[in-house]
Protein chains: 2
Amino acid sequence: MKQDEKDVKMKILDAAKVLFARKGFEGTTVRQICDEAGVALALVSYHFGGKENVFYALFDAFAPDFLNTEYELENPEKDLRAFIGEFVRLRMAEPELINLLQQEIIMQSPRMEKLQRYLFALWMQLRRILEAGREKGCFDFESMKHTLHFIIGSLIFTRIAPSIDDIFESADMQGKEESVEAVAAYTTRFIVNGLK
Amino acid sequence: MKQDEKDVKMKILDAAKVLFARKGFEGTTVRQICDEAGVALALVSYHFGGKENVFYALFDAFAPDFLNTEYELENPEKDLRAFIGEFVRLRMAEPELINLLQQEIIMQSPRMEKLQRYLFALWMQLRRILEAGREKGCFDFESMKHTLHFIIGSLIFTRIAPSIDDIFESADMQGKEESVEAVAAYTTRFIVNGLK
DNA sequence: GTCTATACTTGGATAGAC
DNA sequence: GTCTATCCAAGTATAGAC
């Protein structure tokens with residue numbers, strides 16, 4: 001029965017993750033979540049205490065991966081490459097979560113206040129890497145604020161429109177599979193060059 | 001009376017623009033729009049025929065600016081700089097609209113289908129500039145799809161969180177005003193370098 | 001054209017049977 | 001723990017007075 005409970009909670013979280021990413025928090029109804037999860041309407045309230053808590057539980061379930069590396073700042077370019085690599089890995093492992101996060105950031109939703117708990121440290125790590133790199137002369141940029149936006153924007157924005165993306169996807173890959181390493185390499189190259 | 005009508009429609013559009021950007025399309029109610037605009041609830045239906053049409057009217061009202069330049073592709077780097085400059089100008093003139101657009105792109109909302117009418121040409125222009133630059137040897141990149149994402153992400157993403165951005169804002173500027181030209185210059189530099 | 005009042009629908013959350 | 005049935009609040013849209 002403990003197994004069943006976890007099963008249902010997980011089914012709800014999985015369904016909510018996809019729906020929130022696709023239709024937004026407000027655009028998703030508890031009914032849709034429960035239908036998709038194949039469970040009764042009442043179970044969201046029972047297990048989580050409401051729709052909003054499902055949202056937070058989503059990040060609690062996956063957030064530990066957000067921040068597991070400490071950087072030495074001895075070699076900022078190496079640190080930045082590692083940071084980008086980690087972010088790309090997370091993004092490709094949990095695209096819906098990154099999608100949802102991006103939405104919430106953009107609209108400065110009231111839910112962001114609690115999410116900042118996880119994110120603040122992440123942005124600060126990136127900032128420290130940039131600062132260290134600027135002082136050591138390996139990065140060159142003028143505005144810290146805009147540079148952070150450029151980098152995070154490059155890292156986080158992964159969709160124009162399915163119809164358009166598919167055109168380029170097939171032109172790029174010619175049927176080959178797209179590996180995480182390859183995407184990380186593209187991303188690192190673009191960002192690191194942007195800081196020269 | 002024609003003046004009054006336009007006045008009310010404009011008041012609704014202005015209110016909707018801010019609210020949609022901030023709370024999303026689904027998160028915004030017609031009541032909020034009308035309250036903010038200072039008009040009666042019924043007027044959204046009367047003038048626009050529903051909430052969804054307010055959304056489209058917003059882009060109809062501002063979209064002409066989206067695409068007013070043709071590029072010769074003789075000098076792709078110059079074209080790219082011009083493209084970025086135009087986008088940054090639009091973004092700083094209409095931040096709410098770009099915000100809203102970004103949300104809709106990310107969640108692939110059903111409203112995107114109509115919006116693609118305006119956007120498709122824009123993305124294709126950027127793509128042509130990149131292609132031309134790649135052939136002429138002034139740009140170097142591997143994946144067209146990801147490169148477009150990087151560029152658009154850098155152009156469009158302008159917010160982490162007010163509390164965080166403000167820290168860097170004041171550190172960057174030390175009280176000075178931030179000009180459109182300066183931001184366009186930062187952005188151009190980051191993106192153009194990223195393509196080397 | 002604009003307002004107030006209201007009809008109708010949908011959403012979140014709970015009560016109570018199992 | 002899970003279900004069905006229901007309550008209540010909130011949303012969109014309209015009817016009808018002015």
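When reading the values below, keep in mind they use all heavy atoms of this one structure, side chains included, and skip hydrogens, waters and symmetry mates. We name chains A, B, ... by the order of the sequence lines, and we start the count at 1 in each one. Only a predicted model underlies this, so the values are computations on that prediction, with no experimental measurement involved.
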*A/Leu41 has a side chain; which of C/dA13, D/dT12, C/dT2 sits nearest to it?*
C/dA13
*asked:* Cation-pi check for A/Tyr56 against A/Lys114: NZ or CZ below 6.0 Å from the six-membered ring centre and within 45 degrees of the axis, yes or no?
replied: yes
*Can you figure out which of D/dT12, C/dG12, D/dC3 approaches the side chain of B/Thr29 most closely?*
D/dT12
*Nearest whole angstrom, please: distance from the P of C/dG12 to the NE2 of A/His47.*
18 Å
_Atom-to-atom span, CG of A/Leu43 to C1' of D/dG1 - whole angstrom_ = 7 Å
*Find the distance A/Lys51:NZ to D/dA10:P and express it as a whole number of Å.*
14 Å
*From the options D/dT2, C/dT14, C/dG12, select the nucleotide whose nearest atom is closest to the side chain of A/Val8.*
D/dT2
*Given D/dC3, C/dT2, C/dC3, which nucleotide is nearest the side-chain atoms of B/Val39?*
C/dC3
_Could you check whether B/Phe59 and B/Tyr118 have their ring centres less than 6.0 Å apart?_
no
*Are B/Arg127 and A/Phe168 in a cation-pi contact, defined as NZ or CZ under 6.0 Å from the six-membered ring centre and within 45° of the axis?*
no
*Let me know the distance between CD of A/Gln32 and P of C/dG12, rounded to the nearest Å.*
8 Å
*Just compare D/dT2, C/dT14, D/dA13 and give me whichever is closest to any side-chain atom of A/Tyr46.*
D/dT2
*Contact nearer the 5' end of DNA chain D, comparing B/Gly50 with A/Gly38*: A/Gly38
*asked:* At 4.0 Å (heavy atoms only), tell me whether B/Ser45 reaches a base, stays on the sugar-phosphate, or touches nothing.
replied: base
*In whole angstrom, give the distance that lies between atom CD1 of B/Ile33 and atom P of D/dA10.*
18 Å
*Does the pair A/Glu169/A/Lys176 count as a salt bridge with the N-to-O cut at 4.0 Å?*
no
_Ring centres under 6.0 angstrom apart (B/Phe190, A/Phe190)_ = yes
*Answer yes or no: side-chain N or O of A/Arg31 and base N or O of C/dT10 forming a donor-acceptor pair under 3.5 Å.*
no
*Separation of D/dT2 C1' from A/Phe48 CZ (nearest whole Å)*: 15 Å
_Looking only at the side chain of A/Ala40 (C-beta and beyond, no hydrogens), which of the listed nucleotides D/dT4, D/dG11, C/dT2 gets closest?_
D/dT4
*How long is the line joining NZ of B/Lys11 and C1' of C/dG1, in whole Å?*
12 Å
